[in-house]
Amino acid sequence: MYIEQENKSKGLTACILGEQPTILQKIFIWFMLLTLLLWPIGFYVSIFFWDSSVQSSIDEICRWGATLTIRLYPIYLFPLIRLWFKLSKKVGKSWLFYLCPLIPMAVFFLFAIFVTLASSAYAERKPKGCDFSTYKRLNEAYAIDINHVYCDYEILEGADPSTFKVLNEHYATDMHHVWFNDNIIEGAEPTTFVIPNGGISNLAHDAHDYYMGNQPLHVADMGSFRQIDENWALDSLYVYYLDVDVLADKKAVSVGDSRTFKALNGFYAVDAKCVYYKNNIVKGADPASFAVLKGQYRYGQDRHRVYYEAYGSKIRNFNALRHKNMKDGIYNAFHTDGKTVYNPELMAMPVGTDFLTIHKVELCRNWYADSKHVYYENRLLPGANPKTFVIFPSHYVNADCVSDNNKNADYSHDDSHVYYRDSLMSDVDIASFVCGYDFVVEKSFAFDKSRYYEGTPNPRIEKLRQGKYQVVK
């Protein structure tokens, strides 16, 4: 009973230290405990330690150190007080105990100093071989020294550092060229080049043409050129669809009536004479009655028929059809008028296609199957077994790695056949068949243990063929 009462009389401070403290030590411990009231503020402030981008692994480690020093404070405070008290008694220096608050402060500021240094110009990554005394970053992409211009830390071949001028994060000029990132914009004039000015404009221009990225629009009439929105522009002669890949085709589309031109969405537009899908005129479409199907970007209808992209279908009224899988969007849906089944691209499927069981074999691929047959787009695959039919994985080969986390767009198989799209291939070994895309040479490939069916051998593909790559799933 006496022992129990003695323990109770020790109180909280005695429990923390492991023995009865002096009056001054009690006051000091209670002062330390009161700092816990400020801890939520410190926790909140620590969230903002990660606002700026991490510069290096050292920077990241130090940020975590500073963050955890604050966030774990309530957990390590009591053990720290007790440990420091024992240490001060052991060395016979009672004043050492009162330096306890300096420990987390010193650790925090040490980490903070390292974060500052890791984020400073002293720790900034610099291109290999640059002149340190004159090296200067111009923005996130570009830098210069006395000898070179750099884009993403690589020498920008052909750029003149003495006249190089940054226009924004992507565009720059020197005395001879206009640059978009690390690409020269062929034909662009540096002295008259103007960057996009915000709003709907995503186009740069000089005195004689407009540009999207490094692609020229080849504008025919600069005086009448106007941008409608982020997808469409036109002059008195042509319509321009503002997509880098489309512009690379250099396919001009004559405008029907520039005065009445109107964008319907990001893919379709109309004027008094024509309907447009990207850089194509939708043949036979009636602009007066044409409308985009509700909630669908790539489908439209006029008084004659329904359209998928730029192609007219045999369907006259979309709303008169029965639909399947529409909850997943029209691009994954099938349709029927009671006689004919239509695939998601509105192609009429072969006679005998079973509407009740038709489905996509894989999303974003053009193979379909019902209970008895397999189809590529709207063509029957001869002899294919829908129960065992699958699409081959696509191996994406880079300089130092291979991944196969997607399905191929051309090759498929069942238990006994291999197909290229809708064509049956002969004498293929299914077990060793591999297909994909080599990003280094930008070419597709396909092979089995016996021969190549597409592409040609190179060290990367042969390494894959011999099973020496670890394939990333």
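Computed from a predicted structure; not experimentally measured.
- Crowding of Gln470 atom CD: a count of heavy atoms from other residues, nucleotides or ligands under 6.0 Å not exceeding 12.
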For this session: Just do the ring-ring contact (aromatic ring centres under 6.0 Å, His included) check on Tyr376 and Tyr419 with the steps written out, would you?
Result: CA-CA 10 Å; Tyr376 181 80; Tyr419 299 89; over 10 Å; no
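- Remark: the Asn231 side chain and the Asp243 side chain contain no N/O donor-acceptor pair separated by less than 3.5 Å.
- Figure legend: Arg137 and Tyr153 shown as a cation-pi pair, the cationic atom lying under 6.0 angstrom from the six-membered ring centre and within 45 degrees of its axis.
- Counting only distance, with no hydrogens or angles, the side chain of Asp174 and the backbone of Asp160 share a donor-acceptor pair below 3.5 Å.
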Problem set entry | side chain to side chain donor-acceptor pair (under 3.5 Å) between Asn408 and Tyr437, worked out | CA-CA 9 Å; Asn408 196 265; Tyr437 189 81; over 6 Å; no
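- Asp404 contributes no side-chain N or O that, together with a main-chain N or O of Ser394, makes up a donor-acceptor pair within less than 3.5 Å.
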For this session: Could you check Tyr268 against Tyr276 for ring-ring contact (aromatic ring centres under 6.0 Å, His included), going step by step and ending with a plain yes or no?
Result: CA-CA 5 Å; Tyr268 282 111; Tyr276 308 88; over 10 Å; no
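- By the 4.5 Å heavy-atom criterion applied to side chains, Ile461 and Phe447 are counted as neighbours.
- Taking 4.0 Å as the cut-off between side-chain N and carboxylate O, Arg465 and Glu462 count as a salt-bridged pair.
- A side-chain donor-acceptor contact under 3.5 Å links Ser224 to the backbone of Ser236.
- Under the 3.5 Å distance criterion, the side-chain polar atoms of Thr353 are left unmatched by any main-chain donor or acceptor of Met349.
- Side-chain atoms of Asp145 and Tyr150 form a donor-acceptor pair, as typed in the model, at a separation below 3.5 Å.
- For the 3.5 Å distance criterion, the side chains of Asn181 and Tyr171 fail to qualify, holding no donor opposite an acceptor.
- The side chain to side chain contact (heavy atoms under 4.5 Å, CB included) test with Leu242 singles out one residue from Gln227, Gln215, Glu230, and that residue is Gln227.
- Separation of the His395 and Tyr469 ring centroids does not fall under the 6.0 Å cut-off.
- Pairing each heavy atom of Glu309 with each of Val282, the nearest pair is O-CG2, 4.3 Å.
- Between Arg259 and Asp257 a salt bridge is recorded (basic side-chain N to carboxylate O distance below 4.0 Å).
- Look at Lys262 and Asp271 and you find no salt bridge, because none of the NZ, NE, NH1 or NH2 atoms lies under 4.0 Å from a carboxylate O.
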Exercise. Taking it one step at a time, do Tyr142 and Phe164 satisfy ring-ring contact (aromatic ring centres under 6.0 Å, His included)?
Worked result: CA-CA 10 Å; Tyr142 294 111; Phe164 192 81; 5.3 Å; yes
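- Between the side chain of Thr260 and the main chain of Ala272, a donor-acceptor pair closer than 3.5 Å is present.
- Ring-plane geometry between Tyr297 and Phe267 is classed as perpendicular, the angle between the planes exceeding 60 degrees on a 0 to 90 degree scale with a lower cut at 30.
- Evaluation of the side-chain hydrogen bond (donor to acceptor under 3.5 Å, both in side chains) rule for Asn168 yields no partner, not counting sequence neighbours.
- Listed for the Trp39 side chain is a donor-acceptor partner under 3.5 Å among the backbone atoms of Ile70.
- Counting only N and O atoms by type, the side chains of Tyr396 and Asp438 include no donor and acceptor under 3.5 Å apart.
- The aromatic rings of Tyr308 and Tyr331 sit parallel to each other, their planes meeting at less than 30°, with 60° as the upper class boundary.
- Scanning for side chain to side chain contact (heavy atoms under 4.5 Å, CB included) contacts around Pro161 gives Val149, with sequence neighbours left out.
- Looking at His359, its side chain does come within 3.5 Å of a backbone N or O of Ala369 through a donor-acceptor pair.
- Looking at Met212 and Leu217, their side chains come closer than 4.5 Å, going by heavy atoms from C-beta outward.
- A cation-pi contact links Arg71 to Phe43, judged by a cut-off of 6.0 Å to the six-membered ring centre and 45° from its axis.
- Across Phe355, Tyr368, Tyr342, a single residue satisfies ring pair (Phe, Tyr, Trp, His ring centres under 6.0 Å) together with Phe334, and that is Tyr368.
- Tyr375 and Asp370 share a donor-acceptor pair across their side chains, judged by distance under 3.5 Å alone.
- Ring centers of Tyr307 and Phe290: under 6.0 Å apart, within the cut-off.
- For Ser403 (side chain) and Asn405 (main-chain N/O), no donor-acceptor pair under 3.5 Å exists by modelled atom type.
- Residues Thr388 and Asp415 have side chains that bring a donor and an acceptor to within less than 3.5 angstrom of each other.
- In this structure, the side chain of Thr192 engages the main chain of Ala207 through a donor-acceptor pair within 3.5 Å.
- Tyr238 and Asp221 share no donor-acceptor pair across their side chains, judged by distance under 3.5 Å alone.
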For this session: Decide yes or no on ring-ring contact (aromatic ring centres under 6.0 Å, His included) for Trp232 and Tyr240, but give the supporting numbers first.
Result: CA-CA 6 Å; Trp232 299 95; Tyr240 305 93; over 10 Å; no
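- Between the side chains of Lys251 and Asn280, a donor-acceptor pair is found at a separation under 3.5 Å.
- Within the 3.5 Å criterion, the main-chain N or O of Ile146 finds a donor-acceptor partner in the side chain of Thr134.
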